K.L.:
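Quick one: the structure is below, questions incoming.
Just the heavy atoms: all of them, side chains too, but no hydrogens, waters or symmetry mates, feed the values below. On a predicted model such as this, the values are computed, not experimentally measured, just so you know.
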Amino acid sequence: MNPLQAGDFHLPSNRDLTHSMSGLFASIDAARLACGFLTLSQMMEALEGNHVLDPFSTLISAGVSAGKHNIFYPGVTLKALSGHKIILADDNCVHSGSHFEAATGNILIGSNNQFGEGGFTAKANRPGAEIRIGSHGRYLNNPALFGRCELGNGSQILGSITVDGCTLADGGSYEEDDPDLRAGLLKGSGIARNLTVARGMVIAGNGTFSADDLLPQSHFHPKP
């Protein structure tokens, strides 16, 4: 075999590269449209004023809207169906592995929330479902919301908890010095169903969550 000689190798022309990239983007957009998501350009237009760190792994559908300065990490999905809406206000941080689906009801989100790290799921996907999330909340380490949930300002869900039809009352965020003035909190792992957690209260569950286990947050975080 003869070694390569000068002139045997040719770089593709700019025209060839442009044609190849156009075909690639067309294929990506066709797959996105076939699965009910916006094309890349449509998505970036819909999320103008926000920070989409990896457009190729971020999927949104029609019916999704966001205010300003939200951060979308790679691997985030927001899908609204049948005329329902997913609405985010401003300055939310949506980490990788977060999935929002509004199939039978809306998902309405305020500002300055953290979804993940460690994953997050919110699905309004059965009759009567709607998920409302206030502002300044933290939802970390793979919680999953279903049914009719209302998470008040400052509320927290910490852990791999399936939250079905629950209400967490408004209160201060995790930065509030007095733990008994903080919003309702669920932490641990397991299933929390049809529970209301008042301001300053917490349920720490392991497998199941029960109103019998409500405790003041100062039980775990002494007041300063």
Side-chain angles (χ1 to χ4, degrees), residues 35-38 43 46-47 50 58-68 70 72 76-95 97-116 119-171 173 182-187 190-199 201-203 205 208-211 214:
C35 294
F37 295 105
L38 300 181
M43 179 185 70
L47 296 180
N50 297 282
T58 302
L59 300 170
I60 76 165
S61 70
V64 175
S65 62
K68 301 294 184 183
N70 296 287
F72 297 94
V76 169
T77 301
L78 300 100
K79 189 170 189 178
L81 303 167
S82 305
H84 297 291
K85 303 290 185 183
I86 300 173
I87 301 174
L88 296 89
D90 305 318
D91 297 295
N92 294 288
C93 185
V94 186
H95 281 278
S98 294
H99 183 100
F100 302 78
E101 181 181 312
T104 61
N106 298 324
I107 299 176
L108 308 175
I109 299 167
S111 299
N112 296 104
N113 295 291
Q114 180 179 345
F115 299 101
F120 173 84
T121 299
K123 289 189 175 185
N125 63 353
R126 66 178 190 239
E130 183 175 77
I131 296 172
R132 291 177 175 267
I133 300 172
S135 298
H136 301 284
R138 291 198 308 167
Y139 312 102
L140 315 181
N141 297 321
N142 206 33
L145 310 182
F146 300 94
R148 197 168 190 88
C149 290
E150 185 154 357
L151 309 184
N153 294 332
S155 61
Q156 299 181 79
I157 304 174
L158 308 178
S160 182
I161 306 170
T162 298
V163 179
D164 186 351
C166 292
T167 298
L168 305 183
D170 285 338
S173 74
R182 296 174 187 170
L185 163 64
L186 296 172
K187 66 179 183 177
I191 299 174
R193 182 171 285 121
N194 300 326
L195 296 171
T196 296
V197 182
R199 184 178 70 168
M201 302 300 286
V202 56
I203 302 177
T208 59
F209 285 72
S210 170
L214 279 163

K.L.:
Assess the residue pair V163 and F209 against the criterion (side-chain contact (heavy atoms from CB on, under 4.5 Å)); give the C-alpha distance rounded to whole Å, side-chain angles, the decisive distance to 0.1 Å, and a yes or no.
P.N.:
CA-CA 10 Å; V163 179; F209 285 72; over 6 Å; no
K.L.:
Grab the two heavy atoms, one from C149 and one from G165, that are nearest each other, plus how far apart they are.
P.N.:
SG-N, 3.5 Å
K.L.:
Does the side chain of L145 reach to within under 4.5 Å of the side chain of I107, using non-hydrogen atoms?
P.N.:
no
K.L.:
How long is the straight-line distance from CG of D90 back to NZ of K68, given to the nearest 0.5 Å?
P.N.:
8.5 Å
K.L.:
Distance check, rounded to the nearest 0.5 Å: I203 atom CD1 versus I161 atom CD1?
P.N.:
9.5 Å
K.L.:
Taking side chain to side chain donor-acceptor pair (under 3.5 Å) as the cut-off, I'd like each qualifying pair that reaches into residues 97-113, sequence neighbours left out, listed once.
P.N.:
N92-N113
K.L.:
Starting at CE of M201, measure out to CG of L185 and round the result to the nearest 0.5 Å.
P.N.:
11.0 Å
K.L.:
Going by side-chain contact (heavy atoms from CB on, under 4.5 Å), name the residues that satisfy it together with N153, two or more places apart in sequence or in a different chain.
P.N.:
S135, D170
K.L.:
Not counting sequence neighbours, which residues clear side-chain contact (heavy atoms from CB on, under 4.5 Å) with S210? List them please.
P.N.:
D212, D213
K.L.:
How far does CG of N142 sit from OG1 of T162, to the nearest 0.5 angstrom?
P.N.:
8.5 Å
K.L.:
Does A66 have any side-chain contact (heavy atoms from CB on, under 4.5 Å) partners at least two apart in sequence or in another chain, and if so, which?
P.N.:
L47, N50, N70, F72, L88
K.L.:
List the residues meeting ring-ring contact (aromatic ring centres under 6.0 Å, His included) with F120, not counting sequence neighbours, and say none if there are none.
P.N.:
F100, F115
K.L.:
Any salt bridge (Lys or Arg N to Asp or Glu O under 4.0 Å) pairs touching residues 137-161, not counting sequence neighbours?
P.N.:
E130-R148
K.L.:
Quick one: CD1 on I131 to OG1 on T121, what's the gap to the nearest 0.5 Å?
P.N.:
9.5 Å
K.L.:
Considering only residues two or more places apart or on different chains, which pairs with a residue in residues 79-89 satisfy side chain to side chain donor-acceptor pair (under 3.5 Å)?
P.N.:
none
K.L.:
Kindly give the heavy-atom pair with the smallest separation between A129 and A124, and that separation in Å.
P.N.:
CB-CA, 3.8 Å
K.L.:
Nearest 0.5 angstrom please: L168 CG to L151 CG, how far?
P.N.:
5.0 Å
K.L.:
Can you name the residues that form a ring-ring contact (aromatic ring centres under 6.0 Å, His included) with H95, not counting sequence neighbours?
P.N.:
Y73
K.L.:
Please report the closest heavy-atom contact between C166 and A192, naming both atoms and the distance.
P.N.:
SG-O, 3.4 Å
K.L.:
For A211, enumerate each residue passing the side-chain contact (heavy atoms from CB on, under 4.5 Å) test, keeping only those at least two apart in sequence or located in another chain.
P.N.:
L195, L214
K.L.:
Write down the atom of S61, the atom of A80, and the distance for their closest heavy-atom approach.
P.N.:
OG-N, 2.7 Å
K.L.:
So, for S155 and Y139, which heavy atoms are closest and what is the spacing to 0.1 Å?
P.N.:
OG-OH, 2.7 Å
K.L.:
For P143 and G119, work out which heavy atoms get closest and say how close.
P.N.:
CD-O, 3.6 Å
K.L.:
Could you tell me which residues satisfy salt bridge (charged side-chain N to carboxylate O under 4.0 Å, His left out) with D164, sequence neighbours excluded, listed by chain and number?
P.N.:
R126, R193
